[in-house]
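Inspection log for the structure reproduced underneath, given as structure tokens.
Computed over heavy atoms, backbone and side chain alike; hydrogens, waters and symmetry mates excluded. Just so you know, ligand 1 is whichever comes first in the structure, and atom 1 is the first atom listed for that ligand.
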Amino acid sequence: MFESLTEKLGSIFSNLKSRGKLSEKEIKKGMRQIKLALLEADVNYRVVKNFIKSVQEKALGQEVQDSLTPGQQIIKIVNNELINLMASKKKPQTLPPNKTSKLMLVGLQGSGKTTTCAKLAIKYKRDNYSPLLVAADIYRPAAIDQLKTLGKSIDVPVYSKDTKKVKKIAKGAVKFAQDNDHNLLLFDTAGRLHIDEKMMQELKVMEKVLEPDEIFYVADAMTGQDAVNSAQEFDSQLNISGIILTKMDGDARGGAALSIKSVTNKPIRYIGVGEKLNQLEKFHADRIASRILGMGDVLSLIEKAESAYEQEEAKKLEEKIRKNSFSLEDFLDQLQKIRKMGPLDQLVKMLPGAQSKLLQKTDFDESEMNHIEAIIRSMTKEERLKPKIINGSRRQRIARGSGTSLQQVNRLLKQFNQMKSMMKKFKNQKHKLGGNLPGF
Ligand SMILES: Nc1nc2c(ncn2[C@@H]2O[C@H](COP(=O)(O)OP(=O)(O)O)[C@@H](O)[C@H]2O)c(=O)[nH]1
Ligand SMILES: [Mg+2]
């Protein structure tokens with residue numbers, strides 16, 4: 001994300017940092033370089049102008065702080081101003097679970113609306129909502145199929161209706177949600193390559209009929225200023241409440257992320273960081289700022305890891321693997337922790353040795369995880385600790401109890417056995433793997 005901008009700012013700063021004291025001339029020269037770097041990253045011209053003005057004023061007028069060199073102080077000012085650019089004071093609203101909330105996602109075609117709808121559905125499901133996806137992209141049958149496939153993979157139902165009247169879809173979906181106890185509707189709407197009047201009219205009709213709690217404008221971060229301009233146009237027609245920036249994992253230059261809040265005055269709420277459905281993160285201006293400045297995003301990863309994974313437990317787990325006493329109970333425990341953490345492939349890298357190696361080989365998908373959980377939950381404690389005792393009739397009982405099939409139960413037990421024998425291999429290979437696996 002933003003590599004080129006990061007690189008340029010990095011070299012400007014290292015130049016400034018190496019000076020003992022900065023003259024006004026040097027500060028101004030630094031500012032000109034920063035300005036250029038931001039413009040090259042496709043940041044809106046007016047935004048850059050105000051940004052530089054504000055940084056320069058602070059840099060020239062700064063009080064001398066003993067603890068920082070002049071160069072460091074400028075980095076700090078730039079960091080603060082970057083945060084100001086992207087952060088919003090508007091707090092995200094919490095949707096009361098006891099009513100039917102409605103979220104509409106709008107934006108140009110290909111910006112990531114459909115994918116993001118599914119990503120949000122997972123997120124809300126984790127927070128104990130009961131989401132319903134609504135296929136309101138009426139022009140492309142493929143779009144409805146796409147949403148249905150996504151919905152299926154995450155075990156979230158999709159409402160669709162064979163009509164071109166958005167009003168009918170909107171009303172039908174709300175009724176369906178109320179009849180089936182869904183407390184959150186996520187509307188995936190149609191987008192065009194360019195804004196057109198008919199599409200906008202339809203969105204307005206939907207807005208009027210639905211009175212949505214939120215309308216998120218979904219912007220492709222790779223499209224830079226174009227994304228900002230169309231955000232403005234959508235906002236002039238609809239009551240946009242927040243922005244979701246997608247494809248932040250790609251080689252976006254930073255222009256959209258750095259300009260969009262300032263230009264539209266709407267808060268950025270989420271960022272999409274990959275095609276996979278768990279790759280949606282809450283937007284934190286301070287973290288993006290530190291990423292841009294090349295300080296890395298250690299913070300958010302550490303926080304995520306801490307919330308769900310304690311060092312202490314990692315040790316216990318390794319102990320169990322070593323003693324070959326890892327049970328289905330432990331497996332369930334691990335699964336739940338993993339699910340709390342979000343983007344798996346990013347997190348796997350941080351887990352302690354053996355676990356990470358195991359998980360890298362396993363491709364978990366969300367609905368499969370649900371089944372696995374249900375199966376283990378249907379076992380008795382004894383069965384979880386000693387899976388060997390699970391004979392044919394026990395397997396049948398577990399399948400019935402968990403609402404899965406005998407095949408699924410068999411598969412899980414087989415996978416678990418394979419996992420255990422893999423663990424054993426790790427244990428036996430300890431000498432070869434050496435330092436890569438702490439505790440082995
Ligand atoms: N790398 C990456 N790809 C994304 C992200 N969000 C969506 N996409 C991809 O962008 C393409 C268009 O997404 P889609 O949801 O169909 O866009 P829509 O036309 O607005 O509904 C798909 O190939 C998605 O997989 C993201 O955050 N990162
Ligand atoms: Mg779509």
Side-chain angles (χ1 to χ4, degrees), residues 1-3 103-123 131-154 156 158-161 164 166 169 173 185-196 199-200 202-203 206 215-224 226-228 230-231 233-234 238 240 242-257 260 268-284 287-288 291 297 300 342-346 363 365-366:
M1 190 192 297
F2 313 152
E3 276 91 2
L103 306 190
M104 252 173 93
L105 269 64
V106 302
L108 297 179
Q109 190 170 316
S111 59
K113 294 178 297 299
T114 307
T115 315
T116 308
C117 269
K119 288 179 174 178
L120 284 172
I122 297 189
K123 183 197 110 51
L132 174 71
L133 290 162
V134 185
D137 186 346
I138 45 182
Y139 295 103
R140 295 186 306 144
I144 300 179
D145 292 340
Q146 183 194 0
L147 192 66
K148 281 187 179 160
T149 310
L150 293 175
K152 205 164 173 197
S153 77
I154 55 172
V156 172
V158 175
Y159 178 88
S160 65
K161 201 173 168 72
K164 295 255 184 290
V166 286
I169 297 176
L185 289 100
L186 290 156
F187 286 85
D188 177 31
T189 66
R192 301 287 158 75
L193 291 174
H194 297 284
I195 294 171
D196 76 50
M199 166 187 80
M200 212 47 107
E202 277 170 4
L203 292 174
M206 270 185 90
I215 303 182
F216 287 127
Y217 177 75
V218 179
D220 177 343
M222 311 240 289
T223 59
D226 290 342
V228 179
S230 59
E233 283 188 57
F234 272 82
L238 300 163
I240 303 289
I243 289 162
I244 300 179
L245 282 174
T246 62
K247 309 185 195 177
M248 291 279 276
D249 52 309
D251 50 4
R253 282 180 291 168
I260 205 159
I268 307 172
R269 289 294 184 226
Y270 296 97
I271 55 172
V273 293
E275 291 192 36
K276 290 205 188 124
L277 296 184
N278 54 7
Q279 292 178 312
L280 183 78
E281 294 177 2
K282 277 210 175 107
F283 175 76
H284 293 287
R287 292 175 194 173
I288 302 291
R291 263 192 227 186
D297 196 1
S300 56
L344 192 58
D345 36 356
Q346 290 171 27
D363 203 9
D365 90 52
E366 202 69 21

Considering non-hydrogen atoms of the protein only, which is the closest contact for atom 9 (C) of ligand 1, and what is the distance?
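I find the closest protein heavy atom is Lys247 CE, 4.1 Å.
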
Return the residue, atom name and 0.1 Å-rounded distance of the protein heavy atom closest to atom 1 (N) of ligand 1.
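The protein heavy atom lying closest is Asp249 OD2, 2.7 Å.
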
So which heavy atom on Thr189 is nearest to which on Lys113, and how close?
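Of all heavy-atom pairs spanning Thr189 and Lys113, the closest is O-CE, 3.2 Å.
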
Looking only at non-hydrogen atoms, find the nearest pair between Ile138 and Ile169 and report the distance.
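The answer is CG2-CD1, 3.2 Å.
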
Give the atoms of ligand 1, by number and element, whose distance to some non-hydrogen atom of [X] is under 4.0 Å.
X: Val273; answer: 27 (O)
X: Gly272; answer: 27 (O)
X: Lys119; answer: 26 (C), 27 (O)
X: Lys113; answer: 15 (O), 17 (O), 18 (P), 19 (O), 20 (O), 21 (O)
X: Leu108; answer: 20 (O)

Below 4.5 Å, heavy atoms only, C-beta onward: do [X] and [Y] meet side chain to side chain?
X: Lys119; Y: Tyr270; answer: no
X: Thr223; Y: Leu108; answer: no
X: Leu150; Y: Val158; answer: no
X: Ile154; Y: Leu277; answer: yes
X: Leu203; Y: Ile215; answer: no

Any idea how Phe234 and Tyr217 line up, ring-wise: parallel (<30°), tilted (30 to 60°), or perpendicular (>60°)?
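Rings of Phe234 and Tyr217: tilted, as their planes differ by 30° to 60°.
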
Which is it for Gln146 and ligand 1 at heavy atoms under 4.0 Å: side chain, backbone, both or neither?
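Near ligand 1, Gln146 shows its side chain, while the N, CA, C and O stay back.
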
Side chain, backbone, both or neither: which applies to Glu281 and ligand 1 if a contact is any heavy-atom pair less than 4.0 Å apart?
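Contact part for Glu281 vs ligand 1: neither.
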
The one among [options] that brings a heavy atom closest to [atom]:
atom: atom 13 (O) of ligand 1; options: Thr115, Leu150, Val218, Thr246; value: Thr115
atom: atom 21 (O) of ligand 1; options: Thr114, Ile271, Leu277; value: Thr114
atom: atom 5 (C) of ligand 1; options: Gly274, Gly112, Gly110; value: Gly274

Going by distance only, is there an N or O of Glu275 that falls short of 3.5 Å from an N or O of ligand 1?
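N/O-N/O distance under 3.5 Å: yes.
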
Out of Asp188, Thr114, Asp137, which residue meets the side-chain contact (heavy atoms from CB on, under 4.5 Å) rule with Gln146?
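Passing option: Thr114.
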
Under 2.8 Å from the Mg ion (ligand 2) - protein N/O/S, by chain and number:
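Listed by chain and number, the nearby protein N, O or S atoms are Thr114 OG1.
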
Check this for me: Lys148, atom NZ, are more than 12 non-hydrogen atoms of other residues, nucleotides or ligands nearer than 6.0 Å?
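Counting other residues, nucleotides and ligands, NZ of Lys148 stays at 12 neighbours or fewer.
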
Could you tell me whether the side chains of Tyr139 and Glu202 share a donor-acceptor contact shorter than 3.5 Å?
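Judged by distance alone, the side chains do pair up.
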
Regarding Arg192 and Glu233, does a basic nitrogen lie under 4.0 Å from an acidic carboxylate oxygen?
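Salt bridge flag = no for Glu233 with Arg192.
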
